Amino acid sequence: VVSFTAMLGAYAHHGHLDASMALFNTMPERNVVTWNTMLVAHGQSDDVDAAKSTFESMPEWNLVSWNAMLQAYAENGYLDAAHATFTAMPVHSIVSWNAMLGAYAHSGCLDAAIYTFTAMPCRDTISYNAMIAAYANEAHIQEARRIFNCMDERNLVTWLHGYVHIGCIEKAKGIFDDMPSRNIVAWTEMLRAYSEEGHLGAAKGIFDAMPQHNVVSWTAMLHTYASNGHINKAKTLFDQMPQRNTVSWTTLLQGYAQNGHVREAVTLFWRMPEMDVLSWTTMVTIFAHSGCGWIAVEFFRMMLLDGLKPSGVSILGVMVACKHVGLVREGCGYFLGMSDDHGLVPHEEHYSCLVEMLDRAGKSPSYGLFDEAATSKIS
RNA sequence: ACCUCAAGACAUA
């Protein structure tokens, strides 16, 4: 069983999900680890349903199974389901807490992340890294620094992480060079740091020097090419990648969008195995600024029909589109839907876009759709 | 032999 399970995991790691499944089905004997490996494989290829049904078919669960299920939900944006799993599990390890913390950090739920971080019975460097990222994502660099400074235990990974997030790339590189052993997370972090600075050569150097790659590192490199105008290299890399997920697809999609290759973007989009809010939003924003705002509106509607919950970014995109095409009622409706239907808080961008939209149509802010509070904010 | 931290969309002139 052990060697078969190891093979199963190896197949999954290299993106051969079909091979893993075939092996799984023919295995004479399976244990919890075998099932867990399969569960994780499905989660990582963004197939939550398959992960869920694997979980439900398992003869028994251990802590790792629960954590893997929790993570599968978290990775695919099902925050509620992730939390429900967390509450349902019989015991929690630090991995469960970290997974929950990471889920909140990724979805921008800073308060929930802080709550989780303080409620945890103990914290390791992974918890600190996640918390620093949560603050940094929300542009609370001061707080990120504060956490970084108040940590009771530090190691090199956390230093690296902290420096990357506060934008001190030279210091980060210094730490990186001093690390006695670097894991793939550290390597990828360094790669992204260079990528963000536009140091394409340095990023490629890191990528080539890495002892192993996985979807995340491949995608980080893909993003480096795509966002620096090297769309052909990006495409080549994408085709070579042994494993792709929604993030990889969206990264390439964005590369096409940024380089004005609208046709290719559309074709690629419809070939995607799964779309999430970010992939849809990319399509919305591609068309939002052009004269074909109605196409953007169509994409937005299709996203809703797909059952996805729009983000503030996607709403802004569709509002910009409405503004350009003069769909005032429609645009106001999306704005109102933010708080009424989706539990989102409109930001300044949404208000100013709304004002421009009304202004263009010669309507006053007291158009009749808004209550006093909104009207006063608009004016 | 299996789980958590690292990768993707966004505004303004």
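So you know, we letter chains A, B, ... as the sequences are listed, proteins then strands, and number each from 1. All values reported here derive from a predicted model rather than from experimental measurement. Because only heavy atoms are used, hydrogens play no part in the values below, and waters and symmetry mates are left out as well, while side chains stay in.
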Check: Can you list the residues that meet the side-chain contact (heavy atoms from CB on, under 4.5 Å) rule with A:H347, with sequence neighbours excluded?
Finding: A:E349, A:H350
Next item on the list: Look at all strands and tell whether A:S65 reaches a base, only sugar-phosphate, or nothing, counting heavy atoms closer than 4.0 Å.
Entry: nothing
Notebook entry, point to check: How would you label the contact of A:E349 with the nucleic acid (heavy atoms, under 4.0 Å): base, sugar-phosphate, or nothing?
Noted result: base
Checklist line | Near-ring test A:W61/A:F55, centroid separation under 6.0 angstrom | finding: yes
Next item on the list: Describe the nucleic acid contact of A:T246 in one word from base, sugar-phosphate, nothing, applying a heavy-atom distance below 4.0 Å.
Entry: base
Next item on the list: Give one of base, sugar-phosphate or nothing for A:S352, where a contact means two heavy atoms less than 4.0 Å apart.
Entry: base
Next item on the list: Taking all non-hydrogen atoms of both residues into account, name the closest pair between A:I184 and A:S217 and its distance.
Entry: CD1-OG, 4.4 Å
Note to self: When you measure from the centre of the six-membered ring of A:F176, is the NZ or CZ of A:R182 closer than 6.0 Å and no more than 45° off the axis?
What the structure shows: yes
Checklist line | Partner residues of A:N232 under the side-chain contact (heavy atoms from CB on, under 4.5 Å) criterion, sequence neighbours left out | finding: none
Checklist line | Nucleotides bounding contact with chain A, strand RNA chain B, heavy-atom threshold 4.0 Å | finding: B:A1 to B:U12
Next item on the list: Select base, sugar-phosphate, or nothing to describe what A:N62 touches, counting heavy atoms under 4.0 Å on all strands.
Entry: nothing
Notebook entry, point to check: Charged N to carboxylate O below 4.0 Å: is that the case for A:R301 and A:E298?
Noted result: yes
Note to self: Students often get this wrong, so: under 4.0 angstrom with heavy atoms, is A:H347 touching a base, only sugar-phosphate, or nothing?
What the structure shows: nothing
Next item on the list: Looking at every strand, decide which applies to A:T251 at a 4.0 Å heavy-atom threshold: base, sugar-phosphate, or nothing.
Entry: sugar-phosphate
